[in-house]
Trainee: 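Below is one structure. I have some questions about it.
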Amino acid sequence: MKLEQSVCGLKEPLVFWLWSNMAGSPNANRLAGLHNIEDIDFETKDSRILRGYKLKATDRNGQLSAPGGYLLVMQGNAILADQIIGEFASFASSGLDVYVYDYRGYGRSGGRSRLKAIISDYVELLAALDDRDYAGHYVYAMSFGGIVLLDGIDRYGRLDRLIVDSSPGRLSDYGCPPEYDPVNHLPADCSQCLFITGAKDRVVTGSMSRELVDTARQRGAAVLHDAQFAHPFMDHDLSVHRRRLQVIENYLLHDRKP
């Protein structure tokens, strides 16, 4: 299929094969204790089935409630949906439906993992969420997820707030066409965006994210550079990881600048 053609050279299939293998295998045991979870799937325009999970909105007592919006989580390139969905339970108890899908070719999702195809998948997913008439539209995209989010952002509908956490500004340094450089897709108005970087990040270093973050700041984005943050879900101290999640929740739900 045309969507599953490589755009970043001969190494693209190998790189995605390595990343998807690093992500490991699905394990439903990771979902233990999540009583408001739903197994979901989505069929793409090229007939691939993406599978993931939805945490259904509840009130503070854990009772299902009408959602006030959605949160779509776009993970890093070596993470499966079942590995992180439970980390966002507080968003569900704040009244949001929370969605996490395995990327195409990862975990339980079908198809072959290719950059162009994955970007297209999330354009479709966000359009489908728009059609469900949610009041609030929120996205948290980390690492590779930030690349996917920004590379398709000119084709999305309304997003009320979004967070890009530890993503590089350019892929052309690694053999991809400049049209896939996230920095080239930043909205003219980034006032509803938060960009997060960490001084201890050894995966996406400051030099890799600096151009993206500086350009976003010039366009009105909030920026947080934290001395203790490593790469998302790789913080060595649990208290730092929890503080990161609190920053995300505060920005998306409580209108507090980081």
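This is a predicted model, so every value here is computed, not measured.
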Trainee: Give the minimum heavy-atom separation between I37 and L34, together with the two atoms involved.
Mentor: CG2-O, 3.2 Å
Trainee: Does this structure show an ion pair linking R242 with D235, if we count only N-O contacts that are shorter than 4.0 Å?
Mentor: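 Looking at R242 and D235, the cut-off is not met.
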Trainee: Short question: side chain of Q63, backbone of T58 - any donor-acceptor pair under 3.5 Å?
Mentor: no
Trainee: Among D39, D82, D41, which one satisfies salt bridge (Lys or Arg N to Asp or Glu O under 4.0 Å) with R108?
Mentor: D39
Trainee: Would L72 and V123 show up in the same hydrophobic cluster when neighbours are defined by side-chain heavy atoms closer than 4.5 Å?
Mentor: yes
Trainee: Distance from R158 atom CZ to D130 atom CG, nearest 0.5 Å?
Mentor: 7.5 Å
Trainee: Hey, is CZ on R155 packed in by over 12 heavy atoms from elsewhere, all under 6.0 Å?
Mentor: yes
Trainee: With sequence neighbours left out, what residues match C8 under disulfide bond (SG atoms under 2.5 Å apart)?
Mentor: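 C8 satisfies disulfide bond (SG atoms under 2.5 Å apart) with C176 only.
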Trainee: Do the charged groups of R243 and D226 touch, with an N to O distance under 4.0 Å?
Mentor: yes
Trainee: Show, in sequence, the C-alpha distance, side-chain angles and deciding distance for M142 and I163, and conclude whether the side chain to side chain contact (heavy atoms under 4.5 Å, CB included) test is met.
Mentor: CA-CA 8 Å; M142 66 191 91; I163 296 176; over 6 Å; no
Trainee: Can a donor-acceptor pair be found, under 3.5 Å and without considering hydrogens, that links the side chain of S20 to the backbone of W17?
Mentor: yes
Trainee: So E87 and H241, side-chain hydrogen bond (donor to acceptor under 3.5 Å, both in side chains) or not? Walk me through it.
Mentor: CA-CA 10 Å; E87 299 280 352; H241 172 67; 3.1 Å; yes
Trainee: Between E211 and R170, does any NZ, NE, NH1 or NH2 come within less than 4.0 Å of an OD or OE carboxylate oxygen?
Mentor: yes
Trainee: Please find the pair of heavy atoms, one from A57 and one from D97, that lie closest to each other, and give the distance.
Mentor: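 That closest heavy-atom pairing would be N-OD1, 2.9 Å.
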Trainee: Are the side chain of N36 and the backbone N or O of L64 linked by a donor-acceptor pair below 3.5 Å?
Mentor: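 Judged by distance alone, no pair lies under 3.5 Å.
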Trainee: To the nearest 0.5 Å, what is the distance between NE2 on H185 and OH on Y180?
Mentor: 8.5 Å
Trainee: Under 3.5 Å, is there a donor-acceptor pair between the side chain of E124 and the main chain of K45?
Mentor: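 Yes, because the side chain of E124 sits within donor-acceptor range (under 3.5 Å) of the backbone of K45.
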Trainee: So for atom CE, which belongs to M208, do other residues, nucleotides or ligands contribute more than 12 heavy atoms lying within a distance under 6.0 Å?
Mentor: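 For M208, atom CE is crowded (more than 12 foreign heavy atoms under 6.0 Å).
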Trainee: Which word best sums up how the rings of F144 and W19 line up, parallel for under 30°, tilted for 30 to 60°, or perpendicular for over 60°?
Mentor: tilted
Trainee: Which label fits Y140 and F88: parallel for a plane angle under 30°, tilted from 30 to 60°, or perpendicular past 60°?
Mentor: tilted
Trainee: Could you walk me through whether L186 and I153 pass the side chain to side chain contact (heavy atoms under 4.5 Å, CB included) test, one step at a time?
Mentor: CA-CA 8 Å; L186 282 171; I153 200 166; over 6 Å; no
Trainee: Does atom CG of L238 have more than 12 heavy-atom neighbours, drawn from other residues, nucleotides or ligands, at distances under 6.0 Å?
Mentor: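 Buried by this count: over 12 neighbours within 6.0 Å.
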Trainee: Is there a chain of hydrophobic side chains (I, L, V, M, F, W, Y, each step under 4.5 Å between heavy atoms) that links V164 to Y101?
Mentor: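 The answer is yes; both residues are in one hydrophobic cluster.
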Trainee: I want to know whether Y122 and Y103 have ring centres closer than 6.0 Å.
Mentor: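 Yes - the distance between ring centres of Y122 and Y103 falls below the 6.0 Å cut-off.
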Trainee: With D46 as reference, evaluate R114, K116, K2, R104 under the salt bridge (Lys or Arg N to Asp or Glu O under 4.0 Å) test and give the passing residue.
Mentor: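 Exactly one candidate clears the test, R104.
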Trainee: Closer than 3.5 angstrom, by distance alone: can the side chain of D59 be matched with the main-chain N or O of S65 as a donor-acceptor pair?
Mentor: no
Trainee: Does the Lys NZ or Arg CZ of R112 fall within the cation-pi geometry relative to F16 - under 6.0 Å from the ring centre and within 45° of the axis?
Mentor: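 No.
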Trainee: May I ask you to check if R161 and Y251 form a cation-pi contact, with NZ or CZ under 6.0 angstrom from the six-membered ring centre and within 45° of the axis?
Mentor: yes
